[in-house]
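Take a look at the structure set out below.
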Amino acid sequence: PEVKGNGGGTEESEKIGKIENRILVFVRLRPMGKKEKEAGSRCCVKIVNRREVYLTEFASENDYLRLNRLRGRHFTFDASFPDSATQQEVYSTTTSELVEAVLQGRNGSVFCYGATGAGKTYTMLGTMENPGVMVLAIKDLFSKIRQRSFDGNHEVHLSYLEVYNETVRDLLSPGRPLVLREDKQGIVAAGLTQYRAYSTDEVMALLQQGNQNRTTEPTRVNETSSRSHAILQVVVEYRVRDGAMNVINRVGKLSLIDLAGSERALATDQRTVRSLEGANINRSLLALSSCINALVEGKKHIPYRNSKLTQLLKDSLGGTCNTVMIANISPSHLSFGETQNTLHWADRAKEIRTKACDTSEDVMAMGETETEQAKLVLELQKEN
Ligand code: ADP
Ligand code: MG
């Protein structure tokens, strides 16, 4: 809804219009889980309409709007999804415009955040039967590429990585931790697998496998860690010859991010951020929180360097990127505190301004990038 078409343009780049220079923020409520029902959960969240969420601590199941209106709080977002929303609805509303933009050589990123168990991985990865945003985005990308394949050559490369405990790992090729380096395109993880994807079918299995490779808590062996951030990067390279037979190269990158559980870690003001610093909590999430605070306050210095996650996401926050956040929440009153934090944080994220722009002109040719990466690999080999 926030993407404005400018209508009537004949140039491809005009067709999609201009995405606003702010982060779009969505909320998705998941259904009440079996365990929550068994524990006697009451519902404390209501999706009032397509944009509004109402949260109240004191309501019983049926009367929250009638009796307790004054004791709760309303939040407004770019869209709010009820527990009946389908994966396709969530994808179409939040991410499909970004996929279109990536084909135009722009960068985009989608974050899912919320407490552990709030539905982040379901939203991002989903299941075989109900694939999530990652898979639907790639499916859509291939279908859009097929529609326009007559006018050039597209290549799609995937990489899937994890930040756990300030260590970056390749989820497609688990092994030694990766080192972050800065090149002309920004921060890159040296040696990260770039998987050339040809169709959607292979991708779901690949991502499921990658997800299996996410670090698990030592104490809960079968459970994916609530402290691991997973980032899928989809790079689309487009090559075409213009009238004068010059090769035009356009590279767009879409980052899809399943953040670590936000419980206790997302502070909305600097005082809380500082008080949390000593505690044993997720440094990357804390750094993300600090960066967002600094961006909201319009600070000159944004502390991206404080964590691996914020370094990797530098161009997804304040940089030249269209950014979407999906806040995942549980309906249960047992998660009230976490839900409240998540909604406050999401509310604050609405204030962030970005500088979304077309990178197609200043992006270097892919050939150079490869040389650059080869150099990094060589450097690394020398070091070790
Ligand atoms: P998180 O990644 O935030 O820790 P999950 O995505 O693993 O949480 O979700 C927790 C549980 O709730 C999972 O069993 C998941 O399948 C289920 N779930 C989450 N969101 C939905 C949804 N929208 N519809 C149905 N089940 C969901
Ligand atoms: Mg998860």
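Note that ligands are numbered from 1 as they come in the structure, with each ligand's atoms numbered from 1 the same way. All values derive from a computational prediction rather than experimental measurement.
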Enumerate the residue pairs fulfilling salt bridge (charged side-chain N to carboxylate O under 4.0 Å, His left out) with a member in residues 189-198, sequence neighbours excluded, ordered by first and then second residue.
E155-R196
Quick one: which residue pairs count as a salt bridge (charged side-chain N to carboxylate O under 4.0 Å, His left out) with a foot in residues 112-138, not counting sequence neighbours?
none
With rounding to the nearest 0.5 angstrom, report the CG to NZ distance, L180 to K314.
12.5 Å
Looking at the Mg ion (ligand 2), is there an N, O or S atom belonging to Y122 that lies under 2.8 Å away from it?
no
What does the N/O contact table under 3.5 Å look like for ligand 1?
| residue | atom | partner | partner atom | Å |
| --- | --- | --- | --- | --- |
| ligand 1 | 2 (O) | T121 | N | 2.9 |
| ligand 1 | 2 (O) | T121 | OG1 | 2.8 |
| ligand 1 | 3 (O) | A118 | N | 3.3 |
| ligand 1 | 3 (O) | G119 | N | 3.0 |
| ligand 1 | 3 (O) | K120 | N | 2.8 |
| ligand 1 | 3 (O) | K120 | NZ | 2.8 |
| ligand 1 | 4 (O) | G117 | N | 2.6 |
| ligand 1 | 6 (O) | T121 | N | 3.2 |
| ligand 1 | 6 (O) | Y122 | N | 2.7 |
| ligand 1 | 8 (O) | G119 | N | 3.1 |

Between E52 and T76, is any side-chain donor less than 3.5 angstrom from a side-chain acceptor?
no
Name all residues meeting the salt bridge (charged side-chain N to carboxylate O under 4.0 Å, His left out) criterion together with D140; count only those two or more places apart in sequence or in a different chain, and write none if there are none.
K144
Is the shortest side-chain heavy-atom distance between N328 and C112 below 4.5 Å?
yes
